[in-house]
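If you're wondering where the values come from, they're calculated on a predicted model, not measured in any experiment. For reference, positions follow the sequence shown, starting with 1. Reckoned from all heavy atoms, side chains included, excluding hydrogens, waters and symmetry mates. One-based numbering, in listed order, for ligands and for the atoms of each.
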Amino acid sequence: MNPTYDFTGKVALVTGAGGGMGLATAQAYARTGAAVVLADLDGQAVRAAADELTSAGHQALAIPCDVSDEDQAAALIDRTVEHFGRLDMAFNNAGIMIPLADAADEDASAFDRVNAVNLRGVWACMKHELRRMRTQDSGGAIVNCSSLGGLVGNPQRASYHATKHGVIGLTSSAALEYAPRGIRINAVCPGTMKTPMVAGMIAKGELDPETAAADAPIGRLGTAQEIAEAVLWLNSPAAGYVVGVALPVDGGYVAR
Ligand SMILES: NC(=O)c1ccc[n+]([C@@H]2O[C@H](COP(=O)([O-])OP(=O)(O)OC[C@H]3O[C@@H](n4cnc5c(N)ncnc54)[C@H](O)[C@@H]3O)[C@@H](O)[C@H]2O)c1
């Protein structure tokens, strides 16, 4: 199945678009005709990705941004609107993993950093996206990136999973506030997907790909493209009655 969308005239913002599922989603948005803003801490990566999209005839703009800094998140939305005139859809995806640790041994600085990026970053971006979208007659749609770790616990991942549970709380509360105002907010909960983040965990011996594949009833890891498909759908009019959900895209992991 290959659903297609026509987002011509729309503007989409993706954070963490320098690689992994953010990049796949930004590329997917560009193919639908949307103008896309690619934001990432790694300015070089988003500039290269935006150049490639522009060369292929798409409208793309790279904005280096640390989402954990609210001023930078606010400036990101301001620049998006200055450049493309509006903001219709956002995927608040930027996130980090921290080293696995026993809950009694977790490092406070790792706790602070993972919260700053994964939870505060989503909070800051969503806040400033909403400030813009609520001024638009056409409203908007936002997807926040949680995880299967937002729905279940796993040993040695307490802090990371806490951030992803937090993203679902932000999503459902803001979704209730903004559904009556024409802005739909949902979350996506990826399982174990083949991205640079997971490649890094495999390289460090923190994740065994065969065990992870066996843990998903579907029997394989997911792809970044499969998250892009879910995000485009959630942010599209096809999902016009979908509000405040935390959608697992995990090969059946949380259904076990
Ligand atoms: N890969 C998985 O299996 C998986 C599973 C569940 C959830 N997730 C979540 O999905 C999201 C994307 O993961 P991925 O696997 O594509 O990761 P990735 O590491 O491949 O890509 C993440 C991108 O975010 C950027 N980033 C990191 N910190 C940032 C910051 N402070 N400001 C702006 N950008 C920043 C990185 O530079 C990178 O380009 C994350 O929120 C992650 O927690 C991933």
> Are Arg113 and Phe111 in a cation-pi setup, meaning NZ or CZ lies under 6.0 angstrom from the ring centre and within 45 degrees of the ring axis?
Replying inline: no
> Would Arg157 count as a cation-pi partner of Tyr160, with NZ or CZ less than 6.0 Å from the six-membered ring centre and within 45° of the ring normal?
Replying inline: no
>> If you count heavy atoms of other groups shown closer than 6.0 angstrom to CD of Gln44, is the number above 12?
In response: no
> Within a reach of under 6.0 Å around CD of Glu52, are more than 12 heavy atoms found that belong to other residues, nucleotides or ligands?
Replying inline: no
> In this structure, which one of Val243, Val245, Ile142 forms a side chain to side chain contact (heavy atoms under 4.5 Å, CB included) with Arg184?
Replying inline: Val243
What residue and heavy atom of the protein are closest to [atom], and at what distance?
{"atom": "atom 32 (N) of ligand 1", "value": "Val67 N, 3.1 Å"}
{"atom": "atom 40 (C) of ligand 1", "value": "Asn93 O, 3.3 Å"}
{"atom": "atom 44 (C) of ligand 1", "value": "Met21 CE, 3.6 Å"}
{"atom": "atom 24 (O) of ligand 1", "value": "Gly16 CA, 3.4 Å"}
{"atom": "atom 8 (N) of ligand 1", "value": "Tyr160 OH, 3.6 Å"}
{"atom": "atom 17 (O) of ligand 1", "value": "Met197 CB, 3.4 Å"}
{"atom": "atom 21 (O) of ligand 1", "value": "Gly19 O, 4.0 Å"}
{"atom": "atom 3 (O) of ligand 1", "value": "Met193 N, 2.8 Å"}

Taking 4.0 Å as the limit for heavy-atom contacts, which would you say applies to [X] with ligand 1: side chain only, backbone only, both, or neither?
{"X": "Cys65", "result": "backbone"}
{"X": "Asp40", "result": "both"}
{"X": "Lys164", "result": "side chain"}
{"X": "Ala17", "result": "neither"}

Which ligand 1 atoms are under 4.0 Å away from a heavy-atom of [X]?
{"X": "Arg113", "result": "31 (N)"}
{"X": "Gly191", "result": "2 (C), 3 (O), 4 (C), 5 (C), 6 (C)"}
{"X": "Val198", "result": "1 (N), 2 (C), 3 (O)"}
{"X": "Gly18", "result": "39 (O)"}
{"X": "Thr192", "result": "3 (O)"}
{"X": "Ile96", "result": "27 (C), 28 (N)"}
{"X": "Ser146", "result": "7 (C)"}

Distance only, no hydrogens: is a donor on one side chain within 3.5 Å (strictly under) of an acceptor on the other, for [X] and [Y]?
{"X": "Ser138", "Y": "Arg86", "answer": "yes"}
{"X": "His58", "Y": "Gln27", "answer": "no"}
{"X": "Thr171", "Y": "Asn144", "answer": "yes"}

Hey, is the main chain of [Y] close enough, under 3.5 Å, to the side chain of [X] for a donor-acceptor pair?
{"X": "His128", "Y": "Ala75", "result": "no"}
{"X": "His83", "Y": "Leu61", "result": "no"}
{"X": "Arg132", "Y": "Glu129", "result": "no"}
{"X": "Asn92", "Y": "Cys125", "result": "no"}

> Which option out of Thr195, Leu41, Asp66 puts a heavy atom nearest to atom 14 (P) of ligand 1?
Replying inline: Thr195
>> Going by the closest heavy atom to atom 9 (C) of ligand 1, which one wins out of Cys145, Ser68, Gly95?
In response: Cys145
>> Can you confirm whether Leu87 sits close enough to Leu13 that some side-chain heavy atom of one is under 4.5 Å from a side-chain heavy atom of the other?
In response: yes
> Looking at ligand 1, does Gln72 have a heavy atom less than 4.0 Å from it?
Replying inline: no
